[in-house]
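Please read all numbers here as calculations on a predicted model, not as lab measurements. Here is how names work: the chains are called A, B, and so on, in the same order as the sequence lines, proteins then strands, and each is numbered from 1.
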Number of protein chains: 2
Amino acid sequence: MNTIYSDGYPIYFENSLDELVKFIEQGKYSRFFVLCDEHTSVHCFPKLQEKISHIDNHDLIEVSAGEECKNIDFCIGVWKMLIDFGADRKALMINLGGGVITDMGGFAASTYKRGIDFVQVPTTLLSQVDASVGGKTGIDVDSVKNIIGTFTQPKAVFIDYDFLSTLPERQMLSGLAEMLKHGLILDAAYWNQLKAADLTHPPAELIHASVILKNKVVLEDPTEQNIRKSLNFGHTIGHAIETWSLTNDRNPLTHGEAIAIGMICEAYIANKRTGLSDAELAEIETVINGLYPHYKLKHEAYENIYSIMLKDKKNIDGKINCTLLDRIGQFNIDNICTKEEIFEAMNHYAGH
Amino acid sequence: MNTIYSDGYPIYFENSLDELVKFIEQGKYSRFFVLCDEHTSVHCFPKLQEKISHIDNHDLIEVSAGEECKNIDFCIGVWKMLIDFGADRKALMINLGGGVITDMGGFAASTYKRGIDFVQVPTTLLSQVDASVGGKTGIDVDSVKNIIGTFTQPKAVFIDYDFLSTLPERQMLSGLAEMLKHGLILDAAYWNQLKAADLTHPPAELIHASVILKNKVVLEDPTEQNIRKSLNFGHTIGHAIETWSLTNDRNPLTHGEAIAIGMICEAYIANKRTGLSDAELAEIETVINGLYPHYKLKHEAYENIYSIMLKDKKNIDGKINCTLLDRIGQFNIDNICTKEEIFEAMNHYAGH
């Protein structure tokens, strides 16, 4: 699998940890910091440590795991550790983990001393296919997701397929939702490939293909003026459901589970508005419902979910902006959706 | 006085508040937010409010005044207010105040929803000659000054000389230190003009000239690879003394008072190392000591001040990097100074 070139940086897929060691050895960094969570420090860091044991000047920064750790308070903790370790402007940050680690680590690095270099080593399927490209960093404030962040590119991304072997199936499915999205908005052939594959363990080639698809979009429209908005498919409704679930469910939805619901809801609206056929809507629902457990979307939560939507970065002037589909493989951006349409779509999913 | 053009944005000096109103009227902003502190909301905002009373869609965000409010906690407060007000990506932030407001407001805006537009209306002499150019935003964490921030340019800067009429003399002198610095590092003729002027009320033309000097440096070297480091003169030692004073003195030094001390210390080292003549060192000391009260620099604080210096952004690999002078008007960057030299320079200032 070829190295993919994004906005000024490479994304490695083969012998990635060896490439990372080469990168460190060639860089003129004063010191480097590996940011882990409690899982990746156990399951992933040892594999890296083996390869860098000959290099001095590195420290581990460990934070707790989970979406709630993407909060500003944890980010302040990372900044304080960098200060205490005496990290200077030539320090390198290596973010080893899922999206929480790569997003928060990216934000911490991009603002520490007005910006130090960082690289991403995404260890979950979700972060490999989503957070690896696009240069978005972010943290949550008051459980508003990614409300604070920067657009800053990493110096390189290192994707190691083997890390996925320790990933629980539910986390695997979480990343899969983004892969399905890439097919639905951009490439019907890729969608068909996904349908035919064993999706509990997506082969490396399909992950690679997913990153290529996202990378094309991001390179063409880095500042999200037009086609990059395609990536928001399923996210307008999905993100809000995810946020709601995070603060209300004992066992909250994963990002992918929420996006899967969002994609069904937004495909439903697309069927009404932008010409997605009944057959394709049914196909999308069959594939998604075959992979993800049904979620009991409570009617009494709708208003709350809707008000979360209004706080979403994507929305301007109190209007809800959705990316829909013309057909599978063809997105359609900038559709202002009404509250009624959104409630109807959620009813459709929930079976109310 | 001509409008000065910096990195993609204008700095207005004439009829600045009218220019601001024009800017707001022409912009396609969904809403705007004026960030004030408790002083500028009383002394400065009414003057602006008069001119924008016909424009809807604005809100005031007020924070407490003082350097300690530049802390991340206050920044989180600003972010939360933006969230609560429902600020979207097309919102504009107007930072009306001194350096704390322009630095923190700039940081809050540059990271809210990954960046919204902001303009600066600096109301103190210090912020007019220093924070108005350069694109540095920043906040403090754990009393480490400006440790977190971004490089982000405002959309415009509006300098209104009349705001200075309500400024206490001590705050005036704080800004003056940066003007003196611009002369010392860049322009002997300007330094002579300053010496000849009534420096308790520097005329608008000298402020304008100071911004032109800083702007040239910043445009030539935006990322601080070489000549921009000239602006650090007096700051390596001065910043550390300022930080120490902030946490230890009942009535802490202003930024300018600390930089004034730093300039004497660093001029002393320059005299030993880079050829600044005895006569010029004496001249610098006479001017500065004639303007600023003597500060009792305690010997027992040296170690502490030195360890603050080690945490400074400018220093790489535990080495203290000073900008010195060859002569008045000619800086000399990248001088690694030893602990002994720094202690000796502080002794010289303190008269120990």
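At a threshold of 4.5 Å between non-hydrogen side-chain atoms, the residues Leu82(A) and Ile147(B) do not count as touching. A 4.5 Å side-chain heavy-atom check between Arg89(A) and Glu224(B) finds at least one atom pair inside the cut-off. Side-chain contact between Ile72(B) and Ile72(A) is present, with heavy atoms from C-beta onward closer than 4.5 Å. Inter-residue side-chain proximity for Asp142(B) and Trp79(A) is flagged as unmet; no heavy-atom pair is nearer than 4.5 Å.
Heavy-atom neighbours of Lys145(B) NZ from other residues, nucleotides or ligands within 6.0 Å: above the threshold of 12.
Across Thr150(B), Ile76(B), Val141(B), Leu310(B), the residue that shares the most heavy-atom pairs under 4.5 angstrom with chain A is Thr150(B). For the set Arg31(B), Lys311(B), Lys80(B), the count of heavy-atom pairs under 4.5 angstrom toward chain A peaks at Lys80(B).
No donor-acceptor pair under 3.5 Å is formed between the side chain of Arg114(B) and the backbone N or O of Lys136(A).
In this structure, chain A has no heavy atom under 4.5 Å from any part of Thr152(B).
Of all non-hydrogen atoms in Asp312(A) and Lys113(B), the two that sit nearest each other are O-NZ, 3.7 Å. Across every non-hydrogen atom of Thr111(A) and Phe107(B), the tightest pair is CG2-CE1, 3.8 Å.
Summarising the geometry, atom OG belonging to Ser110(B) is positioned 9.5 Å from atom CD1 belonging to Ile148(A); distances are rounded to the nearest 0.5 Å.
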